[in-house]
Amino acid sequence: RETIIILQFFVAGLVTLGGAAYAATGTYPSGTILGLIHLAVGFVGFYAGYAFLKRKVEPRRFLIAINIVTIAYSAFSERIAQIYSLLAPGINDSLIGTIIAMFVSAVIICLIIIRPKSVTQEANDGNLNL
């Protein structure tokens, strides 16, 4: 459980920082808009991590959903940025951050799916410390 929380906050921070950089340095208006959407996905990722940490109602589905969105949107926006050169020259290191964010999101999804729901549900109810 703690591993999932740490990874979620890590990926949310990575996506948020990447989105802020993308919005600030991307070509206007396309790059800026894609960066702002990326930034919003990162903020929702932080909220998902917080909800999972505080054991809010059914955070497993929310975590899975936001990580699927993170993977899909990261792949989409990075592909668009590379094809249409939406980032300034020399800033194409964003590909490395995107790959890391997508990988960590996939790991989070796998960790949530592999865990039995009954154990996670009991942990969410506060009956079991994991």
Side-chain angles (χ1 to χ4, degrees):
R1 178 170 169 78
E2 289 82 12
T3 303
I4 293 171
I5 293 168
I6 291 167
L7 289 175
Q8 181 59 37
F9 281 113
F10 171 76
V11 78
L14 191 60
V15 171
T16 301
L17 289 176
Y22 197 170
T25 60
T27 57
Y28 185 81
S30 302
T32 304
I33 292 169
L34 289 173
L36 291 173
I37 295 170
H38 218 75
L39 188 64
V41 170
F43 284 140
V44 173
F46 274 122
Y47 178 74
Y50 173 77
F52 193 73
L53 175 68
K54 293 297 182 176
R55 297 181 170 115
K56 300 284 184 189
V57 176
E58 203 56 49
R60 292 180 65 227
R61 290 184 187 162
F62 188 43
L63 267 180
I64 291 172
I66 191 60
N67 281 291
I68 289 172
V69 169
T70 298
I71 292 169
Y73 186 73
S74 294
F76 168 76
S77 66
E78 188 65 37
R79 183 177 12 210
I80 296 298
Q82 297 296 324
I83 291 172
Y84 296 108
S85 300
L86 296 179
L87 295 173
I91 304 191
N92 288 329
D93 296 334
S94 67
L95 180 61
I96 295 167
T98 300
I99 291 170
I100 292 170
M102 291 170 61
F103 177 76
V104 173
S105 288
V107 168
I108 291 168
I109 292 169
C110 289
L111 288 173
I112 293 170
I113 291 174
I114 289 171
R115 295 180 61 156
K117 185 175 180 179
S118 61
V119 172
T120 307
Q121 187 61 39
E122 288 175 17
N124 287 338
D125 294 339
N127 298 333
L128 182 66
N129 290 327
L130 295 178

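Just so you know, residue 1 is the first one in the sequence shown, and it goes up from there.
Residues satisfying the side-chain contact (heavy atoms from CB on, under 4.5 Å) criterion with T32, sequence neighbours excluded, are Y28, L36. In this structure L17 satisfies the side-chain contact (heavy atoms from CB on, under 4.5 Å) test with no other residue, sequence neighbours excluded. Every residue two or more places apart in sequence or in another chain that forms a ring-ring contact (aromatic ring centres under 6.0 Å, His included) with Y47 is listed here: F62.
At least one donor-acceptor pair closer than 3.5 Å links the side chain of Y73 to the backbone N or O of L34.
For the pair I109 and I71, the minimum side-chain heavy-atom distance is below 4.5 Å. Y22 is listed as a side-chain neighbour of L86, based on a closest heavy-atom distance under 4.5 Å. Within the 4.5 Å cutoff, the side chain of I66 has heavy atoms near those of the Q8 side chain.
I6 and I64 are not part of a single hydrophobic cluster, where members link through side-chain heavy atoms under 4.5 Å apart. One hydrophobic cluster holds both F43 and Y50 under the rule that ILVMFWY side chains link at heavy-atom gaps under 4.5 Å. I80 and I33 fall within a single hydrophobic cluster, where Ile, Leu, Val, Met, Phe, Trp and Tyr are joined by side-chain heavy atoms under 4.5 Å apart, directly or via other members.
Interatomic distance, CD of E78 versus CD1 of I96, reported as 10.0 Å (0.5 Å rounding). Considering CD1 of I113 and CD1 of I108, their distance stands at 12.0 Å, rounded to 0.5 Å. Of the inter-residue distances, the one linking E2 atom CD with I4 atom CD1 reads 9.5 Å to the nearest 0.5 angstrom.
Here the shortest heavy-atom pairing between S74 and H38 reads OG-CE1, 3.6 Å. Minimum interatomic distance between G42 and A12 (heavy atoms only, all atoms of both residues): O-CB, 3.6 Å.
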For residues 99-107, tabulate all N or O donor-acceptor pairs below 3.5 Å that involve a side-chain atom, not counting sequence neighbours.
| from | atom 1 | to | atom 2 | distance (Å) |
| --- | --- | --- | --- | --- |
| S105 | OG | N67 | OD1 | 3.0 |
| S105 | OG | A101 | O | 3.1 |

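Note on ring orientation: taking the six-membered ring where Trp is involved, the planes of F9 and F46 are tilted (angle from 30° to 60°).
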